[in-house]
**Student:** 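Please see the structure below; I have some questions.
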Amino acid sequence: KNIFQLSNKIGITEEQASLLLPCVLVYKRLIEETETENIWFPQVDLCDGMAAEYAFSHNILKGHHDFEADILHAARVMAKRYRANMAHTQILEKNVLTIFDAMKKYHGFGNRERILLQLAAILHDCGKYISMNQPAQSSYNIILSTEIIGISHFEREIIANVVRYNTIDIFEEHDDVYGIDNDTYLTIVKLVAMLRVANALDRSHKQKFVDTRAVVKDSELLITTYTNEDITLEKGLFRRKAEFFEEVYGIRPVLKRNKDIRK
């Protein structure tokens, strides 16, 4: 059938009818490549998406799907792909969120920044798969070159920079991080400070700090852990990371170890 006949038979505009054959060819190729047996068409268009976004953002409707869980799952799959130490990543993720929540009154961040920090913790080890000499830069490149559904390119830049400056000096003048605006730069610095302290808690990668609490009291971030392990290595590195944290927030992290009498 020609475009006019297709338009009348299906009840679409001639412009839409002119695109019908190219679309069918694309779908045909997609089915052949993916060996798909079924395709689900939800019968929604761009206008429906705009209306739904408005309704969700103004609390007119509440969604039942946890999109944040999708984002975190995608990041964990990405970390596994690059052979990240998942046991270390898991405890780092837990500890950095504990610090973030304890510092809520001081960093001024919301839930979105919390997710970005969590993603940085999950992906911080990816670069070692590419290079053991420059893991921070390799992680930065991996994150910037990999799409994460639900995360914008701008947000990936923040995550990538937080991961890169987790282990290298953030104040090197030649770095291109100074090409971003001051607010974004400050966000990166604040997130880096929290990630560095949390990472120092598992410097040995032996997950000694499983049960960790954090609270701000008298200009100190008191981090308490319950463990019977030797934490000499962690305490030594913690002091160095605490200095940067104090420079950023004006609050001194203090590590306190209590014996775990439950064992």
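Note that the coordinates shown come from a computational prediction; the quantities given were computed from them, not determined experimentally.
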**Student:** Are more than 12 heavy atoms from other residues, nucleotides or ligands located less than 6.0 Å from atom NE2 of H73?
**Tutor:**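 Open: at most 12 neighbouring heavy atoms sit under 6.0 Å from NE2 of H73.
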**Student:** Report yes if the side chains of V96 and L117 come closer than 4.5 Å at any heavy-atom pair, otherwise no.
**Tutor:** yes
**Student:** Any side-chain to backbone donor/acceptor pair from E113 onto G110? Under 3.5 Å, distance only.
**Tutor:** yes
**Student:** Report yes or no: does T227 contribute a side-chain atom to a donor-acceptor pair with the main-chain N or O of E229 at less than 3.5 Å?
**Tutor:**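 Indeed, once roles are kept as given, a pair shorter than 3.5 Å links the two residues.
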**Student:** Please walk me through it: do H88 and H124 pass side chain to side chain contact (heavy atoms under 4.5 Å, CB included)?
**Tutor:** CA-CA 10 Å; H88 166 65; H124 83 288; 3.1 Å; yes
**Student:** Start with the C-alpha distance between L123 and Y82, add both sets of side-chain angles, then the distance that settles side chain to side chain contact (heavy atoms under 4.5 Å, CB included), and finish with yes or no.
**Tutor:** CA-CA 9 Å; L123 299 173; Y82 289 98; over 6 Å; no
**Student:** Between R112 and E155, does any side-chain N to carboxylate O distance fall below 4.0 Å?
**Tutor:** yes
**Student:** Taking the side chain as every heavy atom from C-beta outward, state whether F100 and Q118 have any pair of such atoms under 4.5 Å apart.
**Tutor:**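 Side-chain contact under 4.5 Å: no.
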**Student:** Mark yes when over 12 heavy atoms from residues, nucleotides or ligands other than Q134 sit less than 6.0 Å from its CD; otherwise mark no.
**Tutor:**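 No - once you tally the heavy atoms of other residues, nucleotides and ligands closer than 6.0 Å, there are 12 at most.
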**Student:** With a sphere of 6.0 Å drawn around OH of Y129, does it hold more than 12 non-hydrogen atoms of other residues, nucleotides or ligands?
**Tutor:** no
**Student:** Just wondering, do L116 and I151 contact through their side chains at under 4.5 Å, heavy atoms?
**Tutor:** yes
**Student:** Once you round to the nearest 0.5 Å, how far does CD1 of I12 lie from CD of E14?
**Tutor:**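 I12 CD1 to E14 CD: 10.0 Å, rounded to 0.5 Å.
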**Student:** Name the residue from T98, V197, V215 that meets the side chain to side chain contact (heavy atoms under 4.5 Å, CB included) definition with I223.
**Tutor:**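 So, applying the side chain to side chain contact (heavy atoms under 4.5 Å, CB included) to I223 and each of T98, V197, V215, only V197 qualifies.
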**Student:** Roughly how far, to the nearest 0.5 Å, is CG of N161 from CZ of R164?
**Tutor:** 5.0 Å
**Student:** Are the side chains of L144 and E157 in contact, using a 4.5 Å heavy-atom criterion?
**Tutor:** yes
**Student:** How long is the span from the CG atom in N166 to the CG atom in N199, to the nearest 0.5 Å?
**Tutor:**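 Taking CG in N166 and CG in N199, the distance rounds to 4.5 Å.
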**Student:** Considering non-hydrogen atoms only, spot the tightest contact between N95 and A198 and give its length.
**Tutor:** C-CB, 4.2 Å
**Student:** Tell me the closest heavy-atom pair linking K256 and L222, and the distance in Å.
**Tutor:**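 Of all heavy-atom pairs spanning K256 and L222, the closest is CB-CD1, 4.1 Å.
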**Student:** Just checking D66: does its CG atom have more than 12 heavy atoms from other residues, nucleotides or ligands closer to it than 6.0 angstrom?
**Tutor:** yes
**Student:** Under a 4.5 Å side-chain heavy-atom rule over Ile, Leu, Val, Met, Phe, Trp and Tyr, are V248 and I188 clustered together?
**Tutor:**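 Yes; tracing contacts between hydrophobic side chains, which count when under 4.5 Å, links both residues.
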**Student:** Looking only at heavy atoms, which two atoms of I158 and L191 are closest? And how far apart?
**Tutor:** CG2-CD1, 4.2 Å
**Student:** Using 30° and 60° as the class boundaries, would you call the ring planes of F109 and H107 parallel, tilted or perpendicular?
**Tutor:** parallel
**Student:** Closest heavy-atom contact between A214 and L221?
**Tutor:** CB-CD1, 4.2 Å
**Student:** To the nearest 0.5 Å, tell me how far N141 CG sits from C126 SG.
**Tutor:** 12.0 Å
**Student:** Only one of K208, R203, R257 clears salt bridge (charged side-chain N to carboxylate O under 4.0 Å, His left out) with E234; which?
**Tutor:** K208
**Student:** Side chain to side chain contact (heavy atoms under 4.5 Å, CB included) with F209: which of L92, D202, T224, L255?
**Tutor:** L255
**Student:** Can a donor-acceptor pair be found, under 3.5 Å and without considering hydrogens, that links the side chain of T89 to the backbone of N85?
**Tutor:**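 Pair found, side chain donor or acceptor close to backbone of N85.
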**Student:** Hydrogens and angles aside, do D230 and T232 bring a side-chain donor and acceptor to less than 3.5 Å of each other?
**Tutor:** yes
**Student:** Hey, any chance V192 and L186 share a hydrophobic cluster, counting ILVMFWY side chains that come within less than 4.5 Å of each other, even indirectly?
**Tutor:**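 No, no single cluster joins them.
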**Student:** Is the closest side-chain heavy-atom distance between E243 and R252 below 4.5 Å?
**Tutor:** yes
**Student:** Atom CG of N111 and atom CD of E68: how far apart are they, to the nearest 0.5 Å?
**Tutor:**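 The distance works out to 4.5 Å.
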**Student:** Give a yes or no on this: more than 12 heavy atoms of other residues, nucleotides or ligands lie within 6.0 Å of atom OH of Y27.
**Tutor:**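 Atom OH in Y27 is not crowded, with 12 or fewer foreign heavy atoms closer than 6.0 Å.
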**Student:** Is there a path of hydrophobic side-chain contacts, each under 4.5 Å between heavy atoms, that joins I168 and V162?
**Tutor:** yes
**Student:** Which heavy atom of K241 sits nearest to which heavy atom of A200, and what is that distance?
**Tutor:**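 Heavy atoms of K241 and A200 come nearest at CG-CB, 3.8 Å.
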**Student:** Hey, is CD on Q90 packed in by over 12 heavy atoms from elsewhere, all under 6.0 Å?
**Tutor:** no
**Student:** Is there a path of hydrophobic side-chain contacts, each under 4.5 Å between heavy atoms of I/L/V/M/F/W/Y residues, joining M86 to I143?
**Tutor:**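 Different hydrophobic clusters.
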**Student:** More than 12 foreign heavy atoms under 6.0 Å from CG of D218: is that the case here?
**Tutor:**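 Open: at most 12 neighbouring heavy atoms sit under 6.0 Å from CG of D218.
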**Student:** Walk me through whether F244 and D169 qualify under side chain to side chain contact (heavy atoms under 4.5 Å, CB included).
**Tutor:** CA-CA 10 Å; F244 179 75; D169 191 354; over 6 Å; no
**Student:** Roughly how far apart are K1 NZ and S7 OG, rounded to 0.5 Å?
**Tutor:**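 Atom-to-atom, K1:NZ and S7:OG are 13.0 Å apart.
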**Student:** Search all heavy atoms of I149 against all heavy atoms of I71 and return the closest pair with its distance.
**Tutor:** O-CG1, 3.4 Å
**Student:** Do side-chain atoms of R156 reach the backbone of T146 as a donor and acceptor pair under 3.5 angstrom?
**Tutor:** yes
**Student:** Count the heavy atoms of every other residue, nucleotide or ligand shown that sit under 6.0 Å from CD of E53, and state whether that count exceeds 12.
**Tutor:**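 No, because the 6.0 Å sphere around CD of E53 holds 12 heavy atoms or fewer from other groups.
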**Student:** Does a salt bridge link K28 with E32, judged by any charged N lying under 4.0 Å from a carboxylate O?
**Tutor:**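 E32 and K28: salt-bridged.
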**Student:** Any donor-acceptor pair under 3.5 Å linking the side chain of E37 with the backbone of E35?
**Tutor:**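 Answer holds: no.
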**Student:** Within the side chain of Y140, is there an N or O that forms a donor-acceptor pair under 3.5 Å with the backbone of G127?
**Tutor:** no
**Student:** Sub-3.5 Å donor-acceptor pair from the side chain of S219 to the main-chain atoms of I251, do we have one?
**Tutor:**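 The answer is no, because no donor-acceptor pair under 3.5 Å joins these two groups.
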**Student:** Group every Ile, Leu, Val, Met, Phe, Trp and Tyr by side-chain heavy-atom contacts under 4.5 Å, then state whether F245 and V216 land in the same group.
**Tutor:** yes
**Student:** With heavy-atom distances below 4.5 Å as the criterion, would you say the side chains of H205 and D125 are in contact?
**Tutor:** yes
